[in-house]
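These notes concern the structure reproduced below.
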Amino acid sequence: MITRRPAPARRPTPGSRILAVAALAACVLAAPTSAQVVGAKSAIRSMRFPPLRFHAPAPETHKVAGVSVLYLEDHSVPLVSLFARFEGGYSLFGRGLYGAAAAFPAMLRYGGTETLAPDSVDSAIEYYALQTAFGGGGETVFSSLNTLTEHLDVAMKLWGDMLRRPRFDSTQLEIWRGRELENVRRRPDDPQRLAFTEFNHLMYGDHPVGWEMRASDLAPNLVDRRSMKEIQSRVLCPDNLILGVTGDVSWHDLEPRLRTMLDGWPPCTGSLDPYPEPQIRKKPGVFLIPRDLDQSILVMAHPTDLHLGDGRDYFAAQIGNSILGSGGFSSRLMAQVRTEQGYAYSAGSIWTMPRRYQGIVGAITRTRPENTVPALELILNIMKEMSDAPPSRDEVQTSVDQIVNGFVFNFETAGQIIARRMFYLAQDLPTDWLERYLTGVEGVTPAAVHSVLEKYLRPQDMIILVVGDPDRIGRDALATLGPVTILEPEKDPPQRR
């Protein structure tokens, strides 16, 4: 007779104990008593926290060899960053030097120095693991250098030579000129770029903001070493320079290095032209650039007299612009043009407020050709609604919160702080501008937003540019928005009136 012995009892494993405890805890937590719920809510409501205040590090301001230097010590990593900002961009030269001025920052980087050929400069940058950047804007030329602290001396020597003693290698100049000629040739193939560049020309005419590179600007006799040297003599000198330094170096160690780099730098031998006052188109109208496209590109704007500053209207306009279209998915343009009507994937507003001259306010989007006129009509109607009545308090608060909650990201790195302070110094803004901006934005009310939009936003005065297929858009439908002018940029660039 065969008998079965009982199976031995299984010992619980560590994993099964954990599961059992978790199951028991889940049972307990899943069914809190009403008294527990009331107590928890009461405890949460009674919590109090001190107000959160962020104080950005303040850079020191020094003078070395007559040059303003903003300095912020930061020993978190063994790196040093240097920034140079020169007054003098393409807008401060005549049209004859436009191509050369556009090439100038690239030639500082790739054109070599008096003692080093371009490939030798490249080799030194690679060997010492340096990061360099050179660029330019309408009124400035700027550069930056990032280096390990242990290589600071050799890095500053090389960077100083690139700024003070550039070679402007003729071969590199010709390479740059060839690339730009190809960009000019290809520009009509990019409809969005075409729309923006032609709209700038439409609004600003023969002004640096409205200039777009032409083949004639790139003639060999205009983009050569002679023109580079002329720009150098008018821009690259201590008279026009602001420096910024941040990183793993004390001022005691940095100051003599800066003095070595700056001493003996000759003053400018030529002056800069004053910035030309733009005369922006004021007469409204509808302009069409015919293109066989599956999506029309729409750009519209009109001039405004609101300037960068710490006045009430400036801060209210920032919030108004956010509510209108620059605030992303919370804006009215996105909510209605995209979400409600499905006319476009995105739609946004633009409101430029330069320091010294007029800016523009308007909107941009792209849509199917058949929806071009309905989308334009909707955008104009949204603008009219905003200029006719104040926004809700929730809309204002959402836009204010977006700015306030993102404020700390203006100070993520010491380099950011230095670069911003250099900009404020160049623009004659107070050094605590960001703090003033934050306070100003927090004080904006719905009534203030309505007041500034009622004063500055005029949908009936919009200059509208459409790049798209006339047959699918409907010429007669487009004409309901105003007289339509057909443009052919390659043959007959539009002139400002």
Side-chain angles (χ1 to χ4, degrees), residues 62-71 80-90 92-93 97 100-125 127-128 130-137 139-147 151-170 172-173 176 224-245 249 253-272 418-419 422 425-426:
H62 299 273
K63 282 276 189 181
V64 178
V67 174
S68 295
V69 181
L70 300 178
Y71 165 72
V80 178
S81 295
L82 297 99
F83 306 87
R85 183 186 180 96
F86 294 90
E87 181 185 2
Y90 64 82
L92 303 183
F93 302 98
L97 284 174
F104 190 71
M107 288 305 101
L108 293 178
R109 167 60 185 87
Y110 296 106
T113 70
E114 291 179 358
T115 57
L116 292 176
D119 57 347
S120 297
V121 172
D122 292 343
S123 297
I125 288 174
Y127 181 81
Y128 291 105
L130 308 180
Q131 291 181 327
T132 61
F134 292 82
E139 300 179 65
T140 58
V141 171
F142 49 84
S143 179
S144 65
L145 168 73
N146 182 265
T147 177
H151 298 153
L152 182 58
D153 288 323
V154 68
M156 289 184 65
K157 173 65 169 62
L158 176 62
W159 191 55
D161 283 348
M162 294 169 78
L163 294 173
R164 291 186 58 173
R165 305 174 186 89
R167 176 183 295 216
F168 302 126
D169 181 81
S170 57
Q172 292 298 318
L173 263 172
W176 182 91
D224 56 11
R225 292 190 75 252
R226 177 198 55 79
S227 58
M228 294 291 111
K229 286 292 186 182
E230 179 180 347
I231 295 171
Q232 177 189 359
S233 70
R234 296 166 67 178
V235 173
L236 296 185
C237 52
D239 318 47
N240 299 327
L241 176 60
I242 299 172
L243 281 173
V245 184
V249 60
D253 292 332
L254 175 66
E255 194 271 344
R257 290 178 166 97
L258 289 175
R259 191 167 298 281
T260 298
M261 188 179 82
L262 295 171
D263 276 348
W265 198 334
C268 286
T269 57
S271 61
L272 295 169
I418 286 289
M422 292 172 68
L425 188 59

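The basis for the numbers below is simple: all heavy atoms, side chains too, and nothing from hydrogens, waters or symmetry mates. As the structure is a prediction and not an experimental result, all values here were calculated from the model.
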Heavy-atom pair of closest approach, residues Glu139 and Leu92: O-CD1, 4.1 Å

Using the side chain to side chain contact (heavy atoms under 4.5 Å, CB included) criterion, which residues pair with Ala117? Sequence neighbours excluded. Asp119, Ser120, Arg167

Could you check whether any side-chain heavy atom of Arg109 comes within less than 4.5 Å of a side-chain heavy atom of Asp122, counting everything from C-beta outward? yes

Does any part of the side chain of Thr132, heavy atoms only, come nearer than 4.5 Å to the side chain of Ile125, both counted from C-beta? yes

Taken in chain and number order and not counting sequence neighbours, the residues that satisfy side-chain hydrogen bond (donor to acceptor under 3.5 Å, both in side chains) with Gln172 are none

Nearest heavy-atom contact between Ala124 and Leu158 is CB-CD2, 4.0 Å

Heavy-atom closest contact (Pro118 atom, Tyr110 atom, distance): CB-O, 3.3 Å

Sorted by chain and number, sequence neighbours left out, side chain to side chain contact (heavy atoms under 4.5 Å, CB included) with Thr140 holds for Arg85, Phe142

Those residues that, when tested against His62, pass side-chain hydrogen bond (donor to acceptor under 3.5 Å, both in side chains) (two or more places apart): Glu60

Any Lys63 side-chain heavy atom under 4.5 Å of Val69 side chain: no

Taking C-beta and beyond as the side chain, do Leu145 and Gln131 meet within less than 4.5 Å on heavy atoms? no

Can you name the salt bridge (Lys or Arg N to Asp or Glu O under 4.0 Å) partners of Glu87, sequence neighbours left out? none

Hey, are the side chains of Ile231 and Phe93 touching, using non-hydrogen atoms and a 4.5 Å cut-off? yes

What's the shortest heavy-atom distance between Ile418 and Leu70, and which atoms? CD1-O, 3.6 Å

Heavy-atom check, side chain of Leu425 versus side chain of Ser68, under 4.5 Å: yes

What residues form a salt bridge (Lys or Arg N to Asp or Glu O under 4.0 Å) with Asp253, not counting sequence neighbours? none

Which residues pass the side chain to side chain contact (heavy atoms under 4.5 Å, CB included) test with Arg225, not counting sequence neighbours? Phe168, Leu173, Lys229

Sorted by chain and number, sequence neighbours left out, side-chain hydrogen bond (donor to acceptor under 3.5 Å, both in side chains) with Trp159 holds for Ser143

Inspect the surroundings of CZ in Phe134 and state if more than 12 heavy atoms from other residues, nucleotides or ligands are less than 6.0 Å away. yes

Distance-minimising heavy-atom pair for Ala84 and Leu163: CB-CD1, 4.3 Å

For Ala103 and Met228 the tightest heavy-atom approach is CB-CE, 4.1 Å

For Tyr71, what residues pass the side-chain hydrogen bond (donor to acceptor under 3.5 Å, both in side chains) criterion, not counting sequence neighbours? Glu73

Which residues pass the side chain to side chain contact (heavy atoms under 4.5 Å, CB included) test with Asp161, not counting sequence neighbours? Thr113, Thr115, Lys157, Arg165

Full working for side chain to side chain contact (heavy atoms under 4.5 Å, CB included) between Val245 and Leu254: CA-CA 9 Å; Val245 184; Leu254 175 66; 3.5 Å; yes

Between the main-chain N or O of Met261 and the side-chain N or O of Arg164, is there a donor-acceptor pair closer than 3.5 Å? yes

Run the side-chain donor-acceptor check on residues 233-244: report pairs under 3.5 Å with partners two or more places apart or on a different chain.
from	atom 1	to	atom 2	distance (Å)
Ser233	OG	Glu230	O	2.7
Arg234	NE	Ser271	O	2.9
Arg234	NH1	Glu230	OE2	3.2
Arg234	NH2	Ser271	O	3.2
Asn240	ND2	Arg234	O	3.2
Asn240	ND2	Val235	O	3.1

To the nearest 0.5 Å, what is the distance between OG1 (Thr147) and CG (Leu130)? 5.0 Å

